[in-house]
K.L.:
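One structure, pasted below without further comment.
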Number of protein chains: 2
Amino acid sequence: MQEASMPSQVSWTREVRRFIEAGGNTTHAFGLGRLIGRMFALLYLSPKPYSLEDIATHLEISKASASMTIRQLEEWHAVRHVPVEGDRRDFYEAETEFRIIVKQGLLPGIRKKLATAGSQIHRTLEAGATVPVSQDHSPAEIQIIKKRLRTAANLHKKLDGLLSSRLVEKLL
Amino acid sequence: MQEASMPSQVSWTREVRRFIEAGGNTTHAFGLGRLIGRMFALLYLSPKPYSLEDIATHLEISKASASMTIRQLEEWHAVRHVPVEGDRRDFYEAETEFRIIVKQGLLPGIRKKLATAGSQIHRTLEAGATVPVSQDHSPAEIQIIKKRLRTAANLHKKLDGLLSSRLVEKLL
DNA sequence: GACATCGTTTAGAATTTTCTAAATGATGGT
DNA sequence: ACCATCATTTAGAAAATTCTAAACGATGTC
């Protein structure tokens, strides 16, 4: 009995490891750092909450890294702090409702980044409006530039509107 | 006349510089590198095509960097190679149809990244199906894990379907 | 209130990523 | 065919990011 389950046992833990690394590669591919994906993957596959040190041990990282990364995950609502009775350590578990993570964590972050870009588009647009003459460009060229800026501003507006709408509801 | 336009002239070029840097910050914020956004912003505000050396000069980078980054932009269909009669240098101009950039450049890249994550989810799911017993987890916990994996697989499927649909048409 | 244990901060080490100069390859002009 | 000029490749420098050990602060325990 025990011997029969041993081989699969080994391959399961190895598969979990692969899963964790794949999570890290995914977040890294999207420019979010490798650790955050590894950590979320670990917690997502854990029915039981983990303490900071548990996490650090499993991922073979320092407690310092674990602390900083878990706070980032908390900001994104991807991880919850769960109190464990009679233990003053911090325990964490993964948020399993992706809707919450996307809506409260990811989308606000994306919108914030887009807002920075959008404000510069408008700033340039306004600067262009007060500059009818240029030694670098002909009047016709300036019209083209202004049109492109308006197109960019329009795209930004559409994107932001879409992200703040109930698109997410439909999705999940 | 000339004196009257001089002050605005200065502020316009400065504003263009700000625009370019903002473009760089935006792509960098989304994990795409700072240079690619700076370069696209430069070309987007240029009615005339630029040669590789033009680009390198304006952005104060080496021709080597310009070459590698422009190829990346080409892969994303964000920049077009335009032949200039009687000049064997390569000239480039920005693609101004964002629909094309998103549809042919960004979305395929995103889907590719998601596909990697998705295949690992399924792989783990299959491994879990063949492992009914574990010394680390109770049977009830294993059920929870399997359910979470199915949820993740489902999310991945929805996401991928959405990205490959005509969502983009509606958007732009 | 001193001690023990935990989480956070921070200064700097280690790694990764980005960038460039130089070499190479490719192509057109003479 | 040779030279001149351009784009690309690559090996290694430079810069940015990520990670950690140690110091610190906070909180519960005896």
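These figures come from a predicted structure and were not determined experimentally. Chain A is the first sequence line, chain B the second, and so forth, proteins listed ahead of strands; every chain is numbered from 1.
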K.L.:
Shoot me the first and last contacting nucleotide of DNA chain D against chain A, ordered 5' to 3', at under 4.0 angstrom to non-hydrogen atoms.
P.N.:
D:dC19 to D:dG28
K.L.:
For C:dT17, does OP1 or OP2 lie under 4.0 Å from any side-chain N or O of A:His28?
P.N.:
yes
K.L.:
A:Arg89 CZ to C:dT8 P: how many Å, rounded?
P.N.:
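The distance from CZ of A:Arg89 to P of C:dT8 comes to 14 Å, rounded to the nearest Å.
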K.L.:
For A:Glu60 and C:dA14, what is the distance between atoms CD and P respectively, to the nearest whole Å?
P.N.:
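Going from CD in A:Glu60 over to P in C:dA14 covers 19 Å.
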K.L.:
Nearest whole angstrom, please: distance from the P of C:dT10 to the CZ of A:Arg71.
P.N.:
10 Å
K.L.:
Would a hydrophobic clustering, with Ile, Leu, Val, Met, Phe, Trp and Tyr connected at side-chain separations under 4.5 Å, put B:Ile144 with B:Leu149?
P.N.:
no
K.L.:
For B:Glu126, which residues count as a salt bridge (Lys or Arg N to Asp or Glu O under 4.0 Å) partner, sequence neighbours excluded?
P.N.:
none
K.L.:
Which parts of residues 42-56 of chain A get close to DNA chain C, meaning a heavy atom less than 4.0 angstrom away?
P.N.:
A:Leu52
K.L.:
I need the OH-C1' distance between A:Tyr92 and C:dT8, as an integer number of Å.
P.N.:
11 Å
K.L.:
Return a single string for nucleotides 22-30 of chain C, one symbol per nucleotide in 5' to 3' order, where B is base contact, S is sugar-phosphate-only contact and - is none, cutoff 4.0 angstrom on heavy atoms.
P.N.:
-----BS--
K.L.:
Within the 3.5 Å criterion, strictly below it, is a donor on B:Thr124 or B:Gln120 matched to an acceptor on the partner's side chain?
P.N.:
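B:Gln120 and B:Thr124 do have a side-chain donor-acceptor pair below 3.5 Å.
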K.L.:
Take A:Ile70 and B:Ala66, find for each the nucleotide of DNA chain C with the closest heavy atom, and name the residue whose nucleotide sits nearer the 5' end.
P.N.:
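Of the two residues, A:Ile70 wins.
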K.L.:
Does the distance from a Lys or Arg side-chain N to an Asp or Glu carboxylate O, for A:Glu15 and B:Arg123, drop under 4.0 Å?
P.N.:
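A salt bridge is present here (some side-chain N lies under 4.0 Å from a carboxylate O).
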K.L.:
Looking at B:Arg38, I'd like to know whether one of its side-chain N or O atoms comes within less than 4.0 Å of OP1 or OP2 on C:dC19.
P.N.:
no
K.L.:
Using atom types as modelled, flag every donor-acceptor pair under 3.5 Å from a side chain in residues 64-75 of chain A to any protein atom, sequence neighbours excluded.
P.N.:
| from | atom 1 | to | atom 2 | distance (Å) |
| --- | --- | --- | --- | --- |
| A:Thr69 | OG1 | A:Ser65 | O | 2.9 |

K.L.:
Name the residue closer to the 5' end of DNA chain D, choosing between B:Met68 and A:Ser65 according to the nucleotide with the nearest heavy atom.
P.N.:
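On the 5' side of the pair lies B:Met68.
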K.L.:
Can B:His81 and B:Phe91 be said to form a ring pair (Phe, Tyr, Trp, His ring centres under 6.0 Å), step by step?
P.N.:
CA-CA 6 Å; B:His81 180 266; B:Phe91 284 83; 8.6 Å; no
K.L.:
Does the distance from a Lys or Arg side-chain N to an Asp or Glu carboxylate O, for A:Glu21 and A:Arg38, drop under 4.0 Å?
P.N.:
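Judged by the 4.0 Å cut-off on N to carboxylate O distance, A:Glu21 and A:Arg38 do form a salt bridge.
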K.L.:
Per the side chain to side chain donor-acceptor pair (under 3.5 Å) rule, what does the pair list look like for residues 152-163 of chain B, sequence neighbours excluded?
P.N.:
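Qualifying pairs, neighbours excluded: B:Arg111-B:Asp160.
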K.L.:
Out of curiosity, B:Lys48 NZ to B:Leu43 CG, how far, rounded to the nearest 0.5 Å?
P.N.:
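Taking NZ in B:Lys48 and CG in B:Leu43, the distance rounds to 14.5 Å.
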K.L.:
Do we see a donor-acceptor contact under 3.5 Å between the side chains of A:Asp54 and A:Thr57?
P.N.:
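There is no such pair between these side chains.
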K.L.:
Are the ring centres of B:Tyr92 and B:Phe40 closer than 6.0 Å?
P.N.:
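Centroid separation for B:Tyr92 and B:Phe40: 6.0 Å or greater.
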